[in-house]
> 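Would you mind keeping the following structure in view while I ask a few things?
Note that this is a predicted model, so its numbers are computed, not measured.
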Amino acid sequence: MQKPGPCPKCGSSFTEGFIVDETYGAHGVSNWVEGQPVKSFWSGIKLPREKVPVRTFRCNRCGFLESYATD
Ligand SMILES: [Zn+2]
């Protein structure tokens, strides 16, 4: 996937990255899942099987974030 741009807020360019998920001693990449969050007693929220990793671009000037969840 190509970089988005220019930034809709300030007109500058984006740098690709991702949002880090941090849990007890581990790191991961945020995922997109379909639907509304459903509470679970054991794990916080129930997760559907299908997850799509989220790629996020950050504007180099103003910090605006633009995210994409593509396979
Ligand atoms: Zn910007």
Side-chain angles (χ1 to χ4, degrees):
M1 192 196 150
Q2 287 192 320
K3 269 202 255 185
C7 173
K9 306 292 182 188
C10 75
S12 190
S13 61
F14 284 95
T15 298
E16 183 175 355
F18 58 89
I19 304 294
V20 178
D21 268 349
E22 297 191 69
T23 61
Y24 300 102
H27 302 99
V29 177
S30 289
N31 291 295
W32 178 90
V33 296
E34 186 175 350
Q36 299 289 317
V38 178
K39 284 187 180 177
S40 161
F41 178 78
W42 300 105
S43 59
I45 56 170
K46 294 178 183 174
L47 288 181
R49 286 215 176 119
E50 197 170 324
K51 298 186 289 185
V52 184
V54 175
R55 301 165 66 199
T56 300
F57 294 82
R58 179 180 178 270
C59 173
N60 296 317
R61 186 186 298 162
C62 74
F64 177 72
L65 299 176
E66 189 162 301
S67 296
Y68 295 85
T70 53
D71 291 319

> With rounding to the nearest 0.5 angstrom, report the CH2 to OG1 distance, W32 to T70.
12.0 Å

> Donor-acceptor pair, K46 side chain versus V38 backbone, under 3.5 Å?
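Flag not set: sc K46 to bb V38 has no pair under 3.5 Å.
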
> Within the structure provided, determine whether F64 and C10 are in side-chain contact (heavy-atom separation under 4.5 Å).
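No, every pair of side-chain atoms sits at 4.5 Å or beyond.
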
> How far does CZ of F14 sit from CG of L65, to the nearest 0.5 angstrom?
8.5 Å

> What distance separates R55 CZ from E16 CD, expressed to the nearest 0.5 Å?
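Separation between the atoms: 4.0 Å.
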
> Measure from the side-chain N and O atoms of N60 to the backbone N and O of S13, and report whether any donor-acceptor pair falls under 3.5 Å.
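Flag set: sc N60 to bb S13 pair under 3.5 Å.
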
> Looking at every non-hydrogen atom in both residues, tell me the closest pair between G11 and P6 and how far apart they are.
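So the two residues come closest at O-CB, 3.4 Å.
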
> Do V52 and V33 sit in one hydrophobic cluster, given that two such residues count as connected whenever their side-chain heavy atoms are within less than 4.5 Å of each other, even indirectly?
no

> Do the side chain of R58 and the main chain of G17 share a donor and acceptor less than 3.5 angstrom apart?
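No, because the side chain of R58 does not come within donor-acceptor range (under 3.5 Å) of the backbone of G17.
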
> Is any side-chain heavy atom of I45 closer than 4.5 Å to a side-chain heavy atom of S40?
no

> Provide the closest heavy-atom pair for A69 versus V54 in the form atom of the first, atom of the second, distance.
CB-CG2, 4.3 Å

